[in-house]
Structures are given as C-alpha cells and as structure tokens.
Amino acid sequence: GAIESFMVAVARLDKLDAGLTEIVRLRGARLHDCAVCKSRRSIDAYEAGATEDEFSAIDDWPRSELPARTKAALGIVDAMVFTPNDVPQTTIDEARRHLSDDEIVEVLLDVVRNAANKIAVALGADAASVTEGVELFRTDEDGNVNIA
C-alpha cells in the first residue's frame, strides 16, 4: 500500500513539463531494460511537444543535441542508477544551473518511482503489450496510468 501511494503521489507532481517527465521515465526504462516501459509513450508528452527524435537521443544523451535542461535531468537519472552514493559534482552543478530545486526533487522522485519497474523485470513480468510501435498512455489527475 505504501509503495502504491508513493507511486501515485509522485505521478501527480507537476513541476516538470510532461515532455521532460517522459524523457526521464524512458531513460530509466531503458537502463532497467523494462520491455513494457520501453514500449509506452505518454500522450501528454507528445502534446507538450516531445518528439520521437528526442526519445531516440536519450540513449546517447551526452553527445546529443538535446537541450541543456534535458541533459541535466538525464545526468541525474544516470547518477541515481549508476552511482547513487557518489553523484559527480558536475552532475549536481548542471542540475542546479538548468533546473529549479523543485524540479530536481521531482526528477529524483521520478527516478525512484520508475525504478519500481525493476521488480517486474526481475520477475520476468515486464512483457510489452505491443509488438510493433508504441502503446500510448495518459496519467490522470489521480496519478493512475491509463492506456489509450
């Protein structure tokens, strides 16, 4: 119950725009190799202007042409996944340069929330619902994911 409440509460945060939230979510999904999470895209992200080109650039984000703000958020994701006890000072500096304190907290909480997909991956319960393309979803006002 507590984990579900946490996940819903984090999904309701709104300091980040939907596009950046989706980029953070998708980076975590790829790092955790969650098939279902990699196969989904947020309708709200598309409506906010996110593109497949941006989603494709996530895997090589340091060398991409993504905006500095997006790279700062992705730096946090990678640090939280790979070196949570030793976040590089440059990652912290970039985050503070391009994101507000509230936005940084939201990225951190999004990473923790999205890491729950690792449970499904470990149990082999992360099969994608689609075999081609992506499945669209929307997060409602209550923080629940609804497949379109």
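Keep in mind that this is a model prediction, so the values were computed, not measured.
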Any sub-3.5 Å donor-acceptor pair from [X]'s side-chain atoms to [Y]'s backbone N or O?
X	Y	answer
Thr21	Asp17	yes
Arg25	Cys37	yes
Glu106	Glu103	no
Arg113	Phe6	no
Asp126	Val36	no
Arg69	His98	yes
Glu4	Gly1	no
Glu22	Ser42	yes

Where do [X] and [Y] come nearest, in terms of heavy atoms and distance?
X	Y	answer
Ala11	Thr139	CB-CG2, 4.0 Å
Ala50	Phe55	CB-CZ, 3.7 Å
Ser39	Val130	CB-CG2, 4.0 Å
Ala29	Asn117	CA-ND2, 3.9 Å

Quiz item: Under 4.0 Å between a Lys/Arg side-chain N and an Asp/Glu carboxylate O for Lys118 and Asp33?
Solution: no
Quiz prompt | Ion pair check, Arg96 and Asp101, cut-off under 4.0 Å | solution = no
Quiz prompt | Separation of Ile58 CD1 from Ile23 CD1 (nearest 0.5 Å) | solution = 5.5 Å
Step through the shown structure and confirm whether more than 12 heavy atoms of other residues, nucleotides or ligands are within 6.0 Å of [atom1] on [X].
X	atom1	value
Asp142	CG	yes
Gln89	CD	yes
Lys15	NZ	no
Glu52	CD	yes
Ile3	CD1	no

Self-check item: Test applied, side-chain contact (heavy atoms from CB on, under 4.5 Å); reference residue, Ile76; option that passes from Val87, Val81, Ile104
Solution: Ile104
Quiz item: So which of Leu108, Asp110, Asn114, Thr91 actually passes side-chain contact (heavy atoms from CB on, under 4.5 Å) with Met80?
Solution: Leu108
Self-check item: Cluster check Val105, Ile92: I/L/V/M/F/W/Y, side chain < 4.5 angstrom
Solution: no
Exercise. Decide yes or no for Arg138 and Asp44: does some side-chain heavy atom of the first lie under 4.5 Å from some side-chain heavy atom of the second?
Key: yes
